[in-house]
Amino acid sequence: MSALSTLSSLLLSTTLLLTGHGMQLTLLPLRASSIGHSDLQIALGGSAYFAGFIIGCLTVPRVIARVGHIRSFAVLASAMGSTLLLLGLSEHWLLWASLRLFLGLLICGLYTVIESWLNDQASAENRGQILSIYTFLVLAAMALGQQIVNAAPISSATPFMIVAAIISVSVIPVGLTRRLAPAPIESTRSRIFFLFGRAPTAAIAAMASGAVTGSFWSLGAVFARRSLGGLEQATLFMTVTILGGALLQYVFGWLSDRLGRNSVLLLLGLLGTVTSSAVAMAADALQLMAAAFCFGAATMPMYSMALAAAADNSLRHEFVEVGTSVLLLNAVGAVFAPLLMGQLIASFGPAWLFWGCAGCCSFASLCFFLLLWRKPKVDDVVPFTAAAPDMAPTRFDLDPRAPEDAEGNLEGAPEPASLQDADNEALDAALEPEAGAGPGLESEDDYGSDLEPESESEPRER
């Protein structure tokens, strides 16, 4: 409970931020369709967003390491709000694609701030609790954001003003926190070819998940608007799909811990094929909503399963690099698949979005079947942990394996020093100058602006 109390400001900011983020993910495709952008142009905007996410994975951690977490969160959130306001003032599709690429970079940076902060506070005892609460907040806030799209006509600038205001307000809890921010983070590298050799099932699942969920986020609202005819029905379609993915994450995770990752991934691929086809063939609104719930339940857990399969096939000290590779492969699938789906919709109609998703799931199922009897190369099966596909590389430091669970050659894997230990050492050095004090805190901006010099009557709050 103490860990959660120290993270209360961050979790409140996260909830506000992701409510606005979930809103803009549905608002932008609907607005683009209403102002006359073609299906291919809308798909290009979605691909640009995920391309920006890839760029952010590779560049933003350096910025955070330079200026600190609190400043980075404030700057990135402010830039995101301003970018959304610019999108509300413009209608040119090329400018939209460019701004959506920038949005992808910004939201990746914000995820990096949030998840590295969580990583700094996580321990072997509270890791599962923190991850579970964070994943629930991500999905619940994004589902809530879908409904706020209905607050005003999408043809006006009002929805863009609302989402920009929500994202701007998210800065307040983090900006006023009295808690210490984490120590600077380090950039991570990816090993995509190593992942294909060590855990091909995880690599294929990551790309298939990116292709399907990326297409859904880029074009799903457009499909629902054309199929159901109204804005409220379209946002309900998106909400129901997200809830399906949220509610059944742990069900499939529980099964995978007992039946094996490959078996459950094969099941998810087959269910994804069936449910995608059901959405494409739905005859009325009720059937479409039921099929959408099942579609989300079958496709959204695939990313978490890919991470679990990657962890099963990696040593503890390899998990950050392998997990980053899973993330990047997921984003690669999300970049290219919407372009193909947009062309299918333009040529054959909106239902072909989900026929295309069914094709992706079918191909992935075939690969999973061929790899079904492949054994993990590392005898260290990791308990399933739910995860959303739009996450940051720094979260992979939250390896679900506790240090004491490591065995064999995993015992030597170094653990990062905690911020609390570093702070204690700096304070001890400052109190004993005759022993040769080391450098103290570099600047208050690195650890929060509310730190004040301690007095004899009031101990310094940690």
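The analysis underlying the following values was restricted to heavy atoms, covering all of them including side chains, and did not include hydrogens, waters or symmetry mates.
Side-chain contact between L327 and Y303 is present, with heavy atoms from C-beta onward closer than 4.5 Å. T299 has its side chain out of reach of C357: every pair of non-hydrogen atoms, C-beta onward, lies at least 4.5 Å apart. Between F368 and T201, some side-chain heavy-atom pair lies under the 4.5 Å cut-off. Considering only heavy atoms from C-beta on, L353 comes within 4.5 Å of S215 through its side chain. Within the 4.5 Å cutoff, the side chain of I42 has no heavy atoms near those of the I345 side chain. At a threshold of 4.5 Å between non-hydrogen side-chain atoms, the residues L236 and L228 do not count as touching. Counting heavy atoms from C-beta on, the side chains of V279 and T275 never come closer than 4.5 Å. The shortest distance between side-chain heavy atoms of D39 and W352 does not fall below 4.5 Å.
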Chi angles and distances behind the side-chain contact (heavy atoms from CB on, under 4.5 Å) call for R225, I154: CA-CA 12 Å; R225 183 70 181 273; I154 59 172; 3.3 Å; yes
Step-by-step side-chain contact (heavy atoms from CB on, under 4.5 Å) determination, L267 to M305: CA-CA 12 Å; L267 175 62; M305 210 67 62; over 6 Å; no
M23/I162 under side-chain contact (heavy atoms from CB on, under 4.5 Å): CA gap, chis, key distance, verdict: CA-CA 9 Å; M23 181 182 175; I162 293 173; 4.1 Å; yes
Yes or no on side-chain contact (heavy atoms from CB on, under 4.5 Å) for T235 and M238, after CA distance, side-chain angles and deciding distance? CA-CA 5 Å; T235 55; M238 300 294 288; 5.6 Å; no
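If you take CG on L27 and CZ on F160, they are separated by 4.5 Å, rounding to the nearest 0.5 Å. Distance check: L110 CG to L76 CG gives 4.5 Å after rounding to the nearest 0.5 Å. Distance CD1/I242 to OG1/T26: 6.0 Å, rounded to 0.5 Å. With rounding to the nearest 0.5 Å, the separation of CE in M281 from CD in Q287 is 9.5 Å.
Listed here is the closest heavy atom pair of A306 and A202: O-CB, 3.3 Å. Considering all non-hydrogen atoms of both residues, M289 and V240 come closest at O-CG1, 3.4 Å. The two residues G214 and A334 come nearest to each other via the heavy atoms CA-CB, 3.9 Å. Here the closest non-hydrogen pair linking L106 and T83 is CD1-OG1, 3.9 Å. The nearest pair of heavy atoms linking A297 to F252 is O-CE1, 3.3 Å.
Between F237 and F354, the angle of the ring planes goes over 60°, which puts this pair in the perpendicular group of the 30/60° scheme. Ring geometry for F295 against F216 counts as tilted: the plane angle lies between 30° and 60°, on a 0 to 90° scale.
When atom types are taken as modelled, the side chain of S209 and the backbone of A205 share no donor-acceptor pair closer than 3.5 angstrom. Q147 places no side-chain N or O within donor-acceptor distance of the main-chain N or O of A143, the cut-off being under 3.5 Å. The closest donor-acceptor contact from the side chain of S218 to the backbone of A43 lies at 3.5 Å or more, if one exists at all. With hydrogens and angles disregarded, a donor-acceptor distance shorter than 3.5 Å links the side chain of T273 to the backbone of G269. The main-chain N or O of G22 is found under 3.5 Å from a side-chain atom of Q146 such that the two form a donor-acceptor pair. Side chain of R31 to main chain of S156: a donor-acceptor pair is present (N/O by atom type, distance under 3.5 Å, no hydrogens or angles). When atom types are taken as modelled, the side chain of Q41 and the backbone of H37 share no donor-acceptor pair closer than 3.5 angstrom. Using a distance-only test at 3.5 Å, with no hydrogens or angles considered, no donor-acceptor pair links the side chain of S90 to the main chain of L86. T213 places no side-chain N or O within donor-acceptor distance of the main-chain N or O of M300, the cut-off being under 3.5 Å.
Enclosure of atom CZ in F194 by more than 12 non-hydrogen atoms of other residues, nucleotides or ligands within 6.0 angstrom is indicated. Within 6.0 Å of CD in E232 there are 12 or fewer heavy atoms belonging to other residues, nucleotides or ligands.
The side-chain contact (heavy atoms from CB on, under 4.5 Å) test with S13 is passed by exactly one of T177, V174, L176: V174.
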